[in-house]
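Worksheet: the structure to be examined is printed underneath.
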Amino acid sequence: MPFIERILSERLGKDVSPGDMVFVPVDLVYAHDGTAPLVIEVVVNELKLEKRHARNRAFFFIDHASPAPTLAAAAVHKRMREFASRFGLGLFDAGEGISHQLVIENGLAGPGDIVVGADSHTPTVGVTGALALGLGSTDVAVALSYGYTWLSVPETVKVVLRGSLKHMVMGKDVALWLLGLKDVEKFHGRVIEYAGDLRAIGLDGLATLTNMSTEMMAATSVIPPEGLREQTTGLSTSSGYVDEVSVQLGEVEPMVARPPDVFNVAPVSSVEGVEVDQVFIGSCTNGRLQDMEVAARIARGRRVKSGVRCIVAPASRRVLLESLERGYIDVLLKAGCILSPPTCGPCVGAHMGLLAEGEVAVSTTNRNFPGRMGHRKSEVYLASPATAMASALTGRITDPRVFA
Amino acid sequence: MIIRGRAIKLGDDVSTDHIISGKYKFEFIDDMSKMIPHVLEDVIPEFYKKVSKGDIIVAGRNFGKGSSREHAPRLLKMVGIGAVVAKSFGFIFYRNSVNIGLPVVKAKVVPDTAESGDVIEVDLARGIVRDVTKGVEEKVPPYPPEFLEVVSEGGIVEYIKKRGGLPWSIR
């Protein structure tokens, strides 16, 4: 039985099947400064509640427009702090980091937990073995107030990873490779369960994979914890899965998603030479320690091309501190990178490095829709931290293996 | 619950960024009604002026894909959209729409046959989508009773306020 169906069946004390409408308790619920205003509006002004009726873990994260770049954002942050204090929520304030990363780092979710976040990239938390759903503000307000949510049990597609990655190829390239599948529609509305040689990608890379299940249009994705404990044979039961995809990791090349859509996937080699104005390394997709390590390894002793802004934003205070202790930050700053506090800012065009009309960025983030990172007529190429750093050094989209 | 309205035809892959760009979420963070002039502005300029109350959006694949922002279905409802019929929906957009009482229906045939201006009819309980103008009718999965109750009350918040509890029994 697929892992998510096992979680739900155990929680409900009865076997569930895809398509069943279930109502489940929520263990962890959270929102950030992009979505919390509407959550607060629903709880305070629409439901008119004085207190939470739920006893689950609940947190607010100030991570999107953070530290506040505008008076409006400052007012939202203030309101969030007041609400968190009044309703008994935990609060991660400006500078602590991006919600999904903090949930993972602080062990706020674990295997079998049911997690509801007011952010579409909440499935990142599936790397912990939790059922993690990214939902809207009303869903989150209800889970926060009453402790429950509804779900039509999704089908599960198993994605089996085989072998090992080539040098300078990262989890991000695997995510982009999956987005480039001709039949990528098979993930639509389903759960992606990863199996096989998971340790070949590393936990940080696996979190990139769970993160980008959102772009694959999946309901969520999950790494069953037993998959990390031992190498699975692949002969284990496949019953209950609606489909299976096999990925030969050794065949994956450095990839990009060309503007203006995440499905415009191509190998880096096909867009090499495109001139770049800005590079961003960070976000809930690629702001983890492994990402900083790879960026620093490529940047060591080199300089960012004159005329290119290369912004680096570790995903959390812990990633920043660890990168500092290991010397990555020193390398990146000496190479000419701009160090940003942990924030989502540039990824959503909220603040810290917006793109002007006609500018081109290589970004380690997860979306490249028109206007995503600034002007409607700016362009974003999604890529791995290795490709992003290599491109910052040359000023053109560059295969990172030239720096190997 | 039967909904009838004039079709506004849209294509594939209309994301929540298209419905309302993320930048307005921060610019007008305190007053959602200020975002109304920007709804679908890059798809149909001045969309909000062209909508009549009760119009039904008929779209292709992946309607509402992308960000979880609930502003997207709320703003569509605010400008007067009565329902959305599409080949498929973003997972979160679909949930959000049910939660706020905007009927959303998956259909296979009508999204291909309908043109803007056609009269569209949706029977949520029986699971029927009709293009009255073209004389095309198709069966779709009917709404589960829980959805029907929530949508007919105008959303989950209205449901809780009117009936004093969650729209489902928990055991």
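In what follows, chains carry the letters A, B, and so on, assigned in the order in which the sequence lines appear, proteins first and then strands, with residues in each chain numbered from 1. Computed from a prediction, not measured in an experiment: that's the story for all the values here.
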Only pairs of heavy atoms separated by less than 4.5 Å count here; which of [options] has the most with chain A?
options               : result
B/I156, B/N62, B/I100 : B/N62
B/N99, B/N96, B/I160  : B/N99
B/S21, B/G66, B/G90   : B/G66

Given that the side chain runs from C-beta out, which part of [X] has a heavy atom under 4.5 Å from chain B: side chain, backbone, both or neither?
X      : result
A/L38  : side chain
A/A118 : backbone
A/L354 : neither
A/D261 : side chain
A/H188 : side chain
A/T35  : side chain

* Counting heavy atoms not belonging to A/R376, are there more than 12 under 6.0 Å from its CZ? -> no
Is the closest basic N to carboxylate O distance between [X] and [Y] below 4.0 Å?
X      : Y      : result
B/R69  : B/D17  : yes
A/D20  : A/K14  : no
B/E158 : B/K161 : yes
B/K9   : B/E115 : no

* chain A contact via B/S15 - which portion, at a heavy-atom distance below 4.5 Å -> side chain
* Asked: Where does B/E146 contact chain A at under 4.5 Å (heavy atoms): side chain, backbone, both or neither?
  -> side chain
* To do: Over 60° means perpendicular and under 30° means parallel, so classify the ring planes of B/F89 and B/F63, tilted if in between.
  =>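 Judged by the thresholds at 30° and 60°, the geometry between B/F63 and B/F89 is perpendicular.
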* To do: May I ask you to decide if the ring planes of B/F147 and A/W150 are parallel, tilted or perpendicular, using 30° and 60° as cut-offs?
  =>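 If you compare the ring of B/F147 with that of A/W150, the planes turn out perpendicular.
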* Greatest number of heavy atom pairs closer than 4.5 Å to chain B - which of A/E215, A/E185, A/R372, A/H351 -> A/E185
* To do: Go through the side-chain N and O atoms of A/Y148 and A/H53 and say whether any donor and acceptor fall under 3.5 Å apart.
  =>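 A/Y148 vs A/H53: no donor-acceptor pair found between side chains.
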